[in-house]
**Student:** 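This is the structure, below, for whatever I ask next.
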Amino acid sequence: MDRYLVFGHPVRHSKSPFIHTLFARQTQQELEYGLAEPAVDEFAQALRTFFDQGGKGCNVTVPFKEQAFTLVDCLSPRAKRAGAVNTIKLTDDGVLLGDNTDGAGLVADLKSHGVTLADSRILLLGAGGAARGALAPLLTELPSELVIANRTHTKAQQLAAEFHDLGPVTAQTYEQLAGPFDLVINSTSASLQGELPPLTPALIHTDIAIYDMMYGASDTAFISWAKQHGARQTMDGLGMLVEQAAEAFTVWRGIRPGTKQVLRELKRNLGVI
């Protein structure tokens with residue numbers, strides 16, 4: 001039976017085995033999907049061993065995405081742009097292909113919620129790996145402007161300059177930000193610590209869409225804050241998790257699984273519904 005894994009540290013909390021098991025059942029694919037949590041300095045060896053022993057593909061999560069980028073034989077265009085790999089496939093000719101499905105998962109989830117990206121003004125909070133993975137797919141949707149804000153402004157400037165050829169992307173400090181924005185995406189990990197980006201409440205209005213890439217059994221700190229200040233449409237990253245997994249499954253198996261029922265089952269599993 002074909003074997004797949006998710007590599008991370010820590011990774012025991014991962015819902016990827018749950019999601020991919022449902023995808024396999026839905027599409028009648030025979031495979032098994034497990035977890036691997038090598039020490040941070042042992043990832044390269046663990047990855048080689050997995051494929052040497054017959055592994056067909058894997059997902060890669062924190063903190064290994066940038067390292068995976070350097071370990072594969074070739075990169076998809078979106079992985080090159082992202083500078084990180086979250087999906088690896090062993091091709092029929094023995095080549096390790098590195099891909100990045102995070103941004104595609106984000107865009108797919110936004111669209112599933114009815115968010116219009118074309119001609120919209122988007123604010124992206126954060127300039128780390130999550131933001132980098134999202135930028136090219138977001139810019140492909142032709143927003144009127146995409147503004148990056150980050151606590152370390154120089155990182156936002158560097159990121160904007162790197163992606164400027166794809167569309168109207170700029171960097172601003174949190175103090176410079178002025179609305180209105182149609183969509184705010186929080187790619188920072190602040191919600192994991194129950195913290196907030198230093199965003200002024202004045203940017204929140206009733207017609208804005210708020211997206212936090214983090215998720216939990218209850219609202220993240222950022223979503224709670226946005227609701228308190230009048231945002232009516234708020235979304236967490238659970239749908240993105242399922243959509244990026246569906247994209248990875250398609251890369252591996254050549255068949256696109258449905259995501260709506262799997263997302264409902266995942267919410268039940270987490271106690272969200």
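Throughout, numbering of the chain's residues begins at 1 and tracks the sequence.
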**Student:** Looking only at the side chains, is there a donor atom on one of S191 and E195 sitting less than 3.5 Å from an acceptor on the other?
**Tutor:** no
**Student:** Is there a side-chain contact between F249 and Q29 (heavy atoms, below 4.5 Å)?
**Tutor:** yes
**Student:** Would you find a donor on one side and an acceptor on the other, under 3.5 Å apart, between the side chain of T91 and the backbone of V95?
**Tutor:** yes
**Student:** What is the distance from atom CD1 of I223 to atom CE of M214, rounded to the nearest 0.5 Å?
**Tutor:** 11.0 Å
**Student:** Using side-chain heavy atoms (C-beta onward) and a distance below 4.5 Å, is S14 in contact with T61?
**Tutor:** no
**Student:** Is it true that a side-chain atom of H113 and a backbone atom of V115 form a donor plus acceptor pair closer than 3.5 Å?
**Tutor:** no
**Student:** Would you kindly say whether Y174 and N150 are connected by a side-chain donor-acceptor distance under 3.5 Å?
**Tutor:** no
**Student:** Does the pair K227 and D219 meet the rule for a side chain to side chain contact (heavy atoms under 4.5 Å, CB included), with working shown?
**Tutor:** CA-CA 10 Å; K227 284 181 175 179; D219 285 345; 2.8 Å; yes
**Student:** Hydrophobic cluster membership, with links at side-chain heavy-atom distances under 4.5 Å among I/L/V/M/F/W/Y: are L241 and V60 in one?
**Tutor:** no
**Student:** Once rounded to the nearest 0.5 Å, what's the spacing between atom CZ of F23 and atom CZ of R253?
**Tutor:** 13.5 Å
**Student:** Could you give me the CA-CA distance, side-chain angles and deciding distance for L177 and V147, then say whether side chain to side chain contact (heavy atoms under 4.5 Å, CB included) is met?
**Tutor:** CA-CA 9 Å; L177 293 174; V147 177; 3.8 Å; yes
**Student:** Are E162 and Q158 linked by a side-chain donor-acceptor pair shorter than 3.5 Å?
**Tutor:** no
**Student:** Would you kindly check if the NZ (Lys) or CZ (Arg) of R3 is within the cone defined by 45 degrees around the ring axis of F50 and under 6.0 Å from the six-membered ring centre?
**Tutor:** no
**Student:** When you compare the side chain of N59 with that of Y33, does any pair of heavy atoms fall below 4.5 Å?
**Tutor:** yes
**Student:** Using modelled atom types only, decide if a donor and an acceptor are shared between the side chain of H229 and the backbone of I204 within a distance under 3.5 Å.
**Tutor:** no
**Student:** Which atom names give the shortest non-hydrogen contact between H9 and P38, and what distance separates them?
**Tutor:** ND1-O, 2.9 Å
**Student:** In Å, rounded to the nearest 0.5 Å, how long is the span from CD1 of I210 to OG1 of T234?
**Tutor:** 8.0 Å
**Student:** Do any N or O atoms from the side chain of S224 and from the backbone of A221 form a donor-acceptor pair under 3.5 angstrom?
**Tutor:** no
**Student:** Less than 4.5 Å apart, any side-chain heavy atom of P197 and any of N186?
**Tutor:** yes
**Student:** First locate atom CZ of R256, then atom OG1 of T27, and finally report the distance between them rounded to the nearest 0.5 Å.
**Tutor:** 12.0 Å
**Student:** Is Q157 close to T154 at the side-chain level, that is, under 4.5 Å between some pair of heavy atoms?
**Tutor:** yes
**Student:** Taking it one step at a time, do D73 and L97 satisfy side chain to side chain contact (heavy atoms under 4.5 Å, CB included)?
**Tutor:** CA-CA 6 Å; D73 300 315; L97 169 66; over 6 Å; no
**Student:** Under 30°, 30 to 60°, or over 60°: which ring-plane class applies to W225 and F222, parallel, tilted or perpendicular?
**Tutor:** parallel
**Student:** How about E30: does its CD atom have over 12 heavy atoms from other parts shown lying under 6.0 Å from it?
**Tutor:** no
**Student:** Verify the distance criterion only: is there a donor paired with an acceptor across the side chains of D236 and T220 at less than 3.5 Å?
**Tutor:** no
**Student:** Assess the residue pair W252 and K56 against the criterion (side chain to side chain contact (heavy atoms under 4.5 Å, CB included)); give the C-alpha distance rounded to whole Å, side-chain angles, the decisive distance to 0.1 Å, and a yes or no.
**Tutor:** CA-CA 8 Å; W252 294 329; K56 293 294 185 179; over 6 Å; no
**Student:** Would you say the side chain of D182 lies within less than 4.5 Å of the side chain of T116, judging by non-hydrogen atoms?
**Tutor:** no
**Student:** Looking at every non-hydrogen atom in both residues, tell me the closest pair between G133 and A82 and how far apart they are.
**Tutor:** CA-CB, 3.8 Å
**Student:** Could you tell me which non-hydrogen atom of Q172 sits nearest to which non-hydrogen atom of A178, and how far apart they are?
**Tutor:** OE1-N, 4.3 Å
**Student:** Would F181 and I148 show up in the same hydrophobic cluster when neighbours are defined by side-chain heavy atoms closer than 4.5 Å?
**Tutor:** no
**Student:** So does G258 get a backbone contact from the side chain of Q26, meaning a donor-acceptor N/O pair under 3.5 Å?
**Tutor:** yes
**Student:** Verify, without hydrogens or angle tests, whether R121 (side chain) and P180 (backbone) share a donor-acceptor contact under 3.5 angstrom.
**Tutor:** yes
**Student:** Please check if atom CG in D93 has more than 12 non-hydrogen atoms from other residues, nucleotides or ligands closer than 6.0 Å.
**Tutor:** yes
**Student:** Taking the side chain as C-beta and beyond, is there a heavy-atom pair between L238 and L263 under 4.5 Å?
**Tutor:** yes
**Student:** Give me the atom names and distance for the closest heavy-atom approach of P143 to S120.
**Tutor:** CB-O, 3.3 Å
**Student:** If hydrophobic clusters are built from ILVMFWY residues whose side chains come within less than 4.5 Å, do L35 and I88 share one?
**Tutor:** no
**Student:** Of all residues at least two apart in sequence or in a different chain, which pass the ring-ring contact (aromatic ring centres under 6.0 Å, His included) check with F43?
**Tutor:** F7, F64
**Student:** Can you tell me if E141 uses its side chain to pair, donor with acceptor, with the backbone of A118 under 3.5 Å?
**Tutor:** no
**Student:** Around atom NE2 of H164, are there more than 12 heavy atoms from other residues, nucleotides or ligands closer than 6.0 Å?
**Tutor:** no
**Student:** Between E66 and G129, which heavy-atom pair has the shortest distance, and what is it?
**Tutor:** OE2-CA, 4.3 Å
**Student:** Please set out all donor-acceptor pairs under 3.5 angstrom arising from side-chain atoms of residues 99-108, sequence neighbours excluded.
**Tutor:**
residue, atom, partner, partner atom, Å
D99, OD1, S76, OG, 2.6
D99, OD1, R78, NE, 2.7
D99, OD2, R78, NE, 3.4
D99, OD2, R78, NH2, 3.0
N100, OD1, D102, N, 3.1
N100, ND2, A84, O, 3.0
T101, OG1, N86, ND2, 3.1
T101, OG1, Q244, O, 3.0
T101, OG1, Q244, OE1, 3.2
D102, OD1, N86, ND2, 3.0
D102, OD2, K65, NZ, 2.8

**Student:** Working to the nearest 0.5 angstrom, can you tell me the gap between E243 CD and K111 NZ?
**Tutor:** 11.0 Å
**Student:** Please check if L135 and L123 belong to a single hydrophobic cluster, counting links between Ile, Leu, Val, Met, Phe, Trp and Tyr side chain heavy atoms closer than 4.5 Å.
**Tutor:** no
**Student:** So, taking the atom named CD in E247 and the one named CE in M240, what distance separates them when rounded to the nearest 0.5 Å?
**Tutor:** 11.5 Å
**Student:** K267 versus L270: any side-chain heavy-atom pair under 4.5 Å?
**Tutor:** no
**Student:** Taking all heavy atoms of T170 and all of A160, pick out the closest pair and write down the distance.
**Tutor:** C-CB, 3.9 Å
**Student:** With clusters defined by side-chain heavy atoms of hydrophobic residues (ILVMFWY) lying less than 4.5 Å apart, directly or transitively, does L138 cluster with F163?
**Tutor:** yes
